[in-house]
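These notes concern the structure reproduced below.
Everything quoted here is computed from the prediction, not taken from an experiment.
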Amino acid sequence: MTDISILDREREAQFGDYFALLKPRVMTLVVFTALVGMLVAPVALHPFVGFCAILFIAVGGGAAGALNMWWDADIDAVMRRTSRRPVPSGRVTGDEALAVGLALSGFSVVMLGLATNWAAAALLAFTIFFYAVVYSMWLKRTTPQNIVIGGAAGAFPPMIGWVAATGSVSLESVLMFALIFLWTPPHFWALALFMRSDYDDAGVPMLTVTHGRRATRRHILAYTAILALFAVWLGVTAIGGPVYLVAAVALNAWFLKGAWQIARRDEAMAEADNYLVEKKVFKFSLLYLFLHFGALLADAALRALGVI
């Protein structure tokens, strides 16, 4: 039996399992927002240098994901959404996930510093540390503010892209950071509302667990309102433009409408239609950031062509 188990383990541990440690779906957002942050910056990088910068930022984001999976294996094992991840499913060991995370962290930070500048490398190092240590090891298991504060980790990539190009931080990069930072709580709280018992079972003090679903609904509306203000503010900076402003107004009006509908509901209403509104708002939030950053990219292209 032991030999069969070993053979099964060896057969199951494939390249795809190690790649899954890097959270490729999350990495997609990291890569795209970092790319936009770099391309809308007032200083242009050589295309090859820019490609290397985005590659190393992506590797750094993946390293943070691997460290998170190593630390959160016990939580992931009891949550339906995460139970099939490589570590809790046994396809990759915790020690392997830790080794991958540490190796890729060091590699990505050093290579980004050599390719661009050490300010960008330091910001990438801080981002990995923040996600793996501040969020995963501390905030996630101790406070309902885990998503609020921890959201900073996912908000740094466009700022890293900007700093890689310019060597410094500016108002525009801070507002791109704020866009993701303020989007994170309503995005995850909408998910928490219809995932129901997952966070209870895992002992994660999500707002739905500590303060109840009614309070969570009100928080979603409040954060979405603040998010809308910052989203539109970004449109009147040097990197904004007509495409972004139109997109920001339309997208945030829809998001606010959805948040208002969520805030007006109670659990009886939500259960009656199987959390249809919450699921719609969550799915929309997945597109929200891509459309905002895509609009920034469109305005940058129009400026390059001399149209605006």
Do you know the tightest heavy-atom contact between Pro186 and Leu182?
CD-O, 3.2 Å
So side chain to side chain donor-acceptor pair (under 3.5 Å) across residues 290-308, not counting sequence neighbours, yields Asn252-His292
Membership question, hydrophobic clusters at under 4.5 Å side-chain separation (ILVMFWY): are Leu291 and Trp183 in the same one?
yes
Report yes or no: does Arg213 contribute a side-chain atom to a donor-acceptor pair with the main-chain N or O of Leu193 at less than 3.5 Å?
yes
Between CG on residue Leu124 and CG on residue Leu112, distance to nearest 0.5 Å
5.5 Å
Atom pairs and distances, side-chain donor-acceptor, residues 142-153, under 3.5 Å, sequence neighbours left out:
| from | atom 1 | to | atom 2 | distance (Å) |
| --- | --- | --- | --- | --- |
| Thr142 | OG1 | Trp138 | O | 2.7 |
| Thr143 | OG1 | Gln145 | N | 3.0 |
| Asn146 | ND2 | Lys140 | O | 3.3 |
| Asn146 | ND2 | Thr143 | O | 3.3 |

If you compare all heavy atoms of Asp72 against all heavy atoms of Ser136, which two are closest, and at what distance to 0.1 Å?
OD1-O, 4.1 Å
When rounded to the nearest 0.5 angstrom, what distance separates CG in Leu21 from CG in Asn68?
10.5 Å
So, do Val87 and Thr93 sit near enough that their side-chain heavy atoms are less than 4.5 Å apart?
no
Nearest-0.5 Å distance, CE of residue Met111 to CZ of residue Phe56:
4.0 Å
Pairs where residues 112-133 contributes a residue and the test side chain to side chain donor-acceptor pair (under 3.5 Å) is met, not counting sequence neighbours
Lys23-Tyr131
Is there side-chain contact between Val31 and Ile57, with at least one heavy-atom pair below 4.5 Å?
no
Here's a test for you: under ring-ring contact (aromatic ring centres under 6.0 Å, His included), which of Tyr275, Trp189, Phe282, Phe188 qualifies with Phe194?
Phe282
List the atom pairs, donor and acceptor, that lie under 3.5 Å between side-chain atoms in residues 220-247 and the rest of the protein, sequence neighbours left out.
| from | atom 1 | to | atom 2 | distance (Å) |
| --- | --- | --- | --- | --- |
| Thr224 | OG1 | Ile220 | O | 2.6 |
| Thr237 | OG1 | Leu234 | O | 2.7 |
| Tyr244 | OH | Ala231 | O | 2.7 |

State whether the side chain of Arg214 and the backbone N or O of Ala263 hold a donor-acceptor pair below 3.5 Å, judged by distance alone.
yes
Locate the shortest heavy-atom distance separating Met176 from Trp162; write the atom from each residue and the value.
CE-CE3, 3.7 Å
Nearest 0.5 angstrom please: Phe293 CZ to Phe32 CZ, how far?
8.5 Å
With the 4.5 Å side-chain cut-off for hydrophobic clustering, are Val249 and Phe284 part of the same group?
no
Any residue meeting side chain to side chain donor-acceptor pair (under 3.5 Å) with Arg265, in chain and number order, not counting sequence neighbours:
Asp273, Glu278
Ignoring hydrogens and angles, tell me if any N or O in the side chain of Ser285 forms a donor-acceptor pair with the backbone of His187 under 3.5 Å.
no
Should the ring pair Phe177 and Phe156 be called parallel, tilted or perpendicular, given that the plane angle runs from 0 to 90° and is split at 30 and 60?
tilted
Do NZ/NE/NH1/NH2 and the carboxylate oxygens of Glu96 and Arg91 come within less than 4.0 Å?
no
Would you say that Asn274 contacts Lys279 through its side chain, given a criterion of any heavy-atom pair below 4.5 Å between the two side chains?
yes
Which heavy atom of Ser105 sits nearest to which heavy atom of Leu67, and what is that distance?
OG-CD1, 3.9 Å
Could you go through residues 33-55 and list every donor-acceptor pair under 3.5 Å that involves a side-chain atom there, pairing it with any protein atom two or more places apart or in another chain?
| from | atom 1 | to | atom 2 | distance (Å) |
| --- | --- | --- | --- | --- |
| Thr33 | OG1 | Leu29 | O | 2.8 |
| Thr33 | OG1 | Val30 | O | 3.3 |
| His46 | ND1 | Phe48 | N | 3.0 |

Quick one, Met269 and Asp266 - any side-chain contact, counting heavy atoms below 4.5 Å?
yes
In this structure, CZ of Phe19 is separated from CG of Asp17 (nearest 0.5 Å) by 12.0 Å
Search all heavy atoms of Ala97 against all heavy atoms of Ala66 and return the closest pair with its distance.
O-CB, 3.9 Å
Are Leu286 and Leu276 grouped together when hydrophobic residues (ILVMFWY) are joined by side-chain heavy atoms under 4.5 angstrom apart?
no
Looking at Met69 and Ala20, what are the two nearest heavy atoms and their distance?
CE-O, 3.2 Å
Please tell me whether Leu289 and Leu287 are part of a single hydrophobic cluster in this structure, the criterion being side-chain heavy atoms less than 4.5 Å apart.
yes
Do Val133 and Val100 share a hydrophobic cluster, counting only Ile, Leu, Val, Met, Phe, Trp and Tyr and linking them when any side-chain heavy atoms are less than 4.5 Å apart?
yes
Between atom CD1 of Ile308 and atom CG of Leu302, what is the distance when rounded to the nearest 0.5 Å?
5.0 Å
